[in-house]
Amino acid sequence: MAVVYHDEDANLEAIRGLKVGILGYGNQGSAQARNLRDSGLDVIVGNIDDAYRETALADGFEVVPIAAAAARADALFLLTPDEVMPEVYERDVAPHLAPGKLLCFAHGYNVGFALIVPPEFVDVVMIAPRMIGAGVRDSYVSGEGFPSFVGVHHDATGHAKARMLGLARALGSTRAGCLEVSFKDEATLDLFSEQAFGPAFGRIMMTAIDTLVEAGYPPEAVLMELYLSGELAYSFLKMREMGALRQHELHSHTSQYGTMSRSVRYFDLDPLLKQKMQESLEEIRSGAFAKEWSTDREAKVEFIKQAREIQRGLPMTRWEDETRRVFRIGDAATHKKQ
Ligand code: NDP
């Protein structure tokens, strides 16, 4: 059974007097910095000279270069993008580490796959929000809090866990619950979700669209039916609140009978899906993906650029734009017809 920590397991005394350095004031950094400050901690921001720096200044923080924040703070939150973090760590953070300091990661990736190897004399902990930055801030303000995966990679002071939980509480995360897991397991679950669950789900959605459009149904009606109405998003929310299977009870009897009686037809897909998913899992666990993503970065950036261009040119993207426009969904309501 997984261990989950709540407010009553976390003591703010463990972090009393710690100066926190937020290294990177982006999605997570801007939210975490404000939450920690509102919980009474002394926060300094380390950022390069960019628009985020201006935002941090406007939010009332003292902003210094990353290396200066790393030198001055006791608890260092590494919140730059994961792919640049090893370089930032080596150049700006590692030279300023000293006994008693603590490194806090928001993702287990770099430490879990040994792309960053901190020295033995610092505490190394993870507070990995299961939430985007805006949600980290909003749920702190609302009092609801946000769930995280947490873990201690290295306990140099003998107080790493207490300090991690104190920081998680100050962030607003123990309010919702912090599940203990290793850095590598957190990173593996995250990557699996992105590289196996997401793409498999995407293929099923594309196949459904192709089947219906080829059968002559208007693309706008197909996309509306499958996901653009928001009904699917609502069902996902109910999956969270009630359970994936139990939320079926909210649907009509026709829907329940049809879904349950026809599910078995798709069982044939299981062996192939499982084989592909096991391949992805192995690639992640062995470190092969981390190695691939760390090498020849320019080619990877070019790949993302080209894939985005291909996606923009797909009929589905055009159909989505048109459907969102005619149904006045979100910002598309104001877009002109292409
Ligand atoms: P962002 O992409 O928002 O960037 C964070 C900051 O790093 C920005 O200020 C950015 O400035 C700066 N930065 C980018 N490149 C460099 C560089 N070469 N040197 C110095 N600073 C740089 O990051 P996120 O907040 O998305 O991610 C931070 C951490 O949080 C990651 O470990 C991520 O896995 C984790 N996380 C993120 C979640 C999310 O929802 N985004 C959810 C849970 C965890 P600029 O862009 O101007 O270069």
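Note that ligands are numbered from 1 as they come in the structure, with each ligand's atoms numbered from 1 the same way.
At a threshold of 4.0 Å, the pair Glu320-Arg324 does not count as salt-bridged, since none of the basic side-chain nitrogens sits closer than that to a carboxylate oxygen. Look at Lys238 and Glu231 and you find no salt bridge, because none of the NZ, NE, NH1 or NH2 atoms lies under 4.0 Å from a carboxylate O. Ion pairing between a basic and an acidic side chain is recognised when a charged N comes within 4.0 Å of a carboxylate O; Arg312 and Glu309 show no such pairing. With respect to the salt-bridge test (charged N to carboxylate O, under 4.0 angstrom), the residues Glu180 and Lys161 qualify. Look at Arg137 and Asp38 and you find a salt bridge, because one of the NZ, NE, NH1 or NH2 atoms lies within 4.0 Å of a carboxylate O, short of that distance.
Scanning for salt bridge (Lys or Arg N to Asp or Glu O under 4.0 Å) contacts around Glu120 gives an empty result, with sequence neighbours left out.
With respect to atom 5 (C) of ligand 1, the closest heavy atom belonging to the protein is Leu79 O, 3.1 Å. For atom 39 (C) of ligand 1, the closest non-hydrogen atom of the protein is Gln28 NE2, 3.6 Å. At the shortest separation from atom 44 (C) of ligand 1 among protein heavy atoms lies Ala106 O, 3.4 Å. Atom 9 (O) of ligand 1 has Asn47 OD1, 3.1 Å as its closest protein atom, hydrogens excluded (heavy atom only). With respect to atom 26 (O) of ligand 1, the closest heavy atom belonging to the protein is Asn27 ND2, 3.5 Å. Counting protein heavy atoms only, atom 22 (C) of ligand 1 is closest to Ile48 CD1, 3.8 Å.
Ring orientation note: the planes of His248 and His251 are nearly perpendicular, at an angle over 60° on the 30°/60° scale.
Those atoms of ligand 1 with a heavy atom of His107 less than 4.0 angstrom away are 32 (O), 34 (O). Applying the 4.0 Å criterion to heavy atoms of Val88 picks out, from ligand 1, the atoms 19 (N), 20 (C). Each of the atoms 11 (O), 45 (P), 47 (O), 48 (O) of ligand 1 lies under 4.0 Å from some heavy atom of Asp50. Numbered from 1 in the order shown, with element, the atoms of ligand 1 that lie under 4.0 Å from a heavy atom of Val84 read 15 (N), 16 (C), 17 (C), 18 (N). Here is the list of ligand 1 atoms found below 4.0 Å of a heavy atom in Met85: 32 (O).
With a heavy-atom cut-off of 4.0 Å, Tyr52 touches ligand 1 through its side chain alone. Residue contacts with ligand 1 for Thr80 involve both N, CA, C or O and side-chain atoms from C-beta outward (heavy atoms, distance under 4.0 Å).
Side chains of Gln278 and Glu282: a donor-acceptor N/O pair is absent below 3.5 angstrom, by distance only. If you check the side chains of Tyr25 and Asp59, you find a donor sitting under 3.5 Å from an acceptor.
Residue pairs meeting the ring-ring contact (aromatic ring centres under 6.0 Å, His included) criterion with at least one member in residues 64-84: none, sequence neighbours excluded.
In terms of N/O distances under 3.5 Å, ligand 1 is not approached by Arg91.
Of the candidates Gly26, Pro81, Pro65, it is Pro81 that places a heavy atom closest to atom 2 (O) of ligand 1. Counting heavy atoms only, Asp82 comes closest to atom 32 (O) of ligand 1 of the residues Asp82, Ile132, Asp49.
Using a non-hydrogen distance threshold of 4.0 Å, Pro129 registers as a contact of ligand 1. No heavy atom of Arg130 sits closer than 4.0 Å to any atom of ligand 1. Judged by the shortest distance from any of its heavy atoms, Glu87 lies outside the 4.0 Å radius around the atoms of ligand 1. Heavy-atom separations between Ile66 and ligand 1 include at least one value shorter than 4.0 Å.
One distance of note links CZ of Phe105 with CG of Leu78; it measures 4.5 Å at 0.5 Å rounding.
Of all the heavy atoms in Met277 and Ala196, the pair that sits closest is CG-CB, 4.1 Å.
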